[in-house]
Enquirer: 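I'd like to ask some things about the structure below.
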There are 2 protein chains.
Amino acid sequence: MADQTPSGENLLFLTDEQLRKGIEAMFFAYRGFTADPDRILEGMDYGRAHHRAVHFIHRSPGTTVSNLLTILGVTKQSLNRVLRTLIEEGLVEARVGRRDKRERHLHLTTKGQELERVLSDAQRARMRAAYRAAGPQAVAGFRQVLEAMMDPELRRQYQGLKESGA
Amino acid sequence: MADQTPSGENLLFLTDEQLRKGIEAMFFAYRGFTADPDRILEGMDYGRAHHRAVHFIHRSPGTTVSNLLTILGVTKQSLNRVLRTLIEEGLVEARVGRRDKRERHLHLTTKGQELERVLSDAQRARMRAAYRAAGPQAVAGFRQVLEAMMDPELRRQYQGLKESGA
DNA sequence: CTTGGAAAGTCAACATCGCTGACATAACTT
DNA sequence: AAGTTATGTCAGCGATGTTGACTTTCCAAG
């Protein structure tokens with residue numbers, strides 16, 4: 001940015017040292033990111049996997065098991081174990097599809113919505129504090145870098161969520 | 001909110017919807033962040049925990065087990081299992097402390113450095129691509145938000161690494 | 001020199017959450 | 001009727017985290 005080559009930017013932000021710092025920042029920040037929900041969930045019968053399922057069912061009500069499998073990137077056996085407990089304990093309702101009766105459309109019950117809110121409140125509170133501390137311009141950059149870091153297929157999933165969720 | 005309160009910024013970036021998108025961005029980006037090393041490690045006898053240990057030993061050669069425990073935030077039993085295999089297979093050397101012979105100072109062997117390089121090359125390649133795509137200003141914002149998201153104690157650990165590693 | 005406590009290592013047991021493989025059921029599609 | 005898809009389930013395994021209890025080593029303080 002200070003000089004004028006064709007690819008004219010200052011590339012100091014691409015040094016190995018800068019990249020390593022970015023890697024470590026991701027590591028430590030992700031710990032913070034999951035810390036609050038983890039604390040809330042410990043003691044309940046649930047874990048991080050339940051949180052993720054509840055989050056995305058909240059985000060896309062009526063989504064199918066297949067959809068959720070794609071978004072979460074786990075095996076159906078792994079997801080099934082989680083969904084089963086959520087359904088048994090009345091947090092999630094699985095409605096048989098009208099058009100295709102093989103499909104299960106997933107919805108949060110009132111109880112499920114309550115858990116989602118508690119978890120999401122905690123996570124958003126941390127996010128909000130970080131956003132506020134860093135400012136809107138930093139937030140825009142944060143989102144840009146994270147999007148660029150995703151696998152293309154996951155980026156599409158993510159962007160699909162953005163549209164439907166807006 | 002496009003108006004002029006004393007703390008007069010546009011606060012649209014703090015809506016729940018924006019925060020949720022940030023949360024999902026972290027989730028999907030972290031998947032990408034760990035994908036390449038995970039792929040490399042699968043098939044070897046090692047996993048993500050080994051990667052983390054190797055990374056931070058590389059970053060702070062001669063660090064003690066206690067130090068590493070603090071940075072990684074796991075129990076000594078969990079770390080010990082990882083370190084034992086790394087030492088057995090000749091990737092890490094544990095030197096008894098000179099001043100305090102109870103301490104083990106950890107170093108990567110040549111073989112350990114090789115693995116570190118392979119993993120780190122892959123992870124940095126993704127990071128570099130993301131940084132390049134987003135640009136230096138976005139990177140600065142990315143780092144600011146991540147730092148603000150860390151637990152204070154972890155932020156100190158992170159900043160300590162920055163200094164010593166520069 | 002003895003004792004207390006810190007650092008490290010080890011053993012056993014367990015929980016969560018990934019995985020594979022195999023199989024069953026139901027229902028849509030051709 | 002046959003093939004495919006979506007889902008569910010059982011059994012078993014692996015990686016990585018946890019607690020609790022215990023030992024060994026060794027510095028440091030009395």
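Below, all heavy atoms of this structure are taken into account, side chains as well, without hydrogens, waters or symmetry copies. So that the names make sense, note that chain A is the first sequence line, chain B the second, and so on, each numbered from 1. Remember, predicted model here, so these are calculated numbers, not experimental data.
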Enquirer: Indicate, with a heavy-atom threshold strictly under 4.0 Å, whether Arg48(A) touches base, sugar-phosphate, or nothing.
Expert: sugar-phosphate
Enquirer: Closer to the 5' end of DNA chain D via nearest nucleotide, is it Thr75(B) or Met44(B)?
Expert: Met44(B)
Enquirer: Whole angstrom is fine here: how far is it from OH in Tyr46(A) over to P in dT16(C)?
Expert: 12 Å
Enquirer: Using the ring centroid of each side chain, check whether Phe56(B) and Phe27(A) are separated by less than 6.0 Å.
Expert: yes
Enquirer: Write down the distance between CZ (Arg52(A)) and C1' (dT16(C)), rounded to a whole number of angstrom.
Expert: 11 Å
Enquirer: Between P on dG18(C) and CG on Leu72(A), what's the gap in Å once rounded to a whole number?
Expert: 8 Å
Enquirer: Taking atom types as modelled, find out whether His105(A) and Glu93(A) have a side-chain donor-acceptor pair closer than 3.5 angstrom.
Expert: no
Enquirer: Under 4.0 Å from any heavy atom of chain B: name the first and the last nucleotide of DNA chain D that qualifies, 5' to 3'.
Expert: dT16(D) to dC27(D)
Enquirer: Does the side chain of His55(B) come under 3.5 Å of the side chain of Ser120(B) through a donor N or O and an acceptor N or O?
Expert: no
Enquirer: Should the pair Arg156(A)-Glu147(A) be classified as a salt bridge under the 4.0 Å nitrogen-to-oxygen rule?
Expert: no
Enquirer: Kindly compute the distance separating CG (Leu146(B)) from NZ (Lys21(A)), expressed to the nearest 0.5 Å.
Expert: 14.0 Å
Enquirer: Mark yes or no for a side-chain to base donor-acceptor pair under 3.5 Å between Arg102(B) and dA6(C), with no hydrogen or angle criteria applied.
Expert: yes
Enquirer: Using a cut-off of 4.0 Å on non-hydrogen atoms, how would the nucleic acid contact of Arg84(A) be classed: base, sugar-phosphate, or nothing?
Expert: sugar-phosphate
Enquirer: For Asn80(B) and dC11(C), what is the distance between atoms CG and C1' respectively, to the nearest whole Å?
Expert: 11 Å
Enquirer: Quick check on dA7(C): is either OP1 or OP2 less than 4.0 Å from any side-chain nitrogen or oxygen of Arg104(B)?
Expert: no
Enquirer: For a 4.5 angstrom cut-off between non-hydrogen side-chain atoms, does Val92(A) reach His107(A)?
Expert: no
Enquirer: Taking the nucleotide of DNA chain C with the closest heavy atom to each, which residue, Arg99(A) or Gln77(A), is nearer the 5' end?
Expert: Gln77(A)
Enquirer: Go nucleotide by nucleotide along DNA chain C from the 5' end; which of Leu79(A) and Lys76(A) gets its closest nucleotide reached first?
Expert: Leu79(A)
Enquirer: Determine whether the side chains of Glu89(B) and Tyr46(B) contain a donor N or O and an acceptor N or O closer than 3.5 Å.
Expert: yes
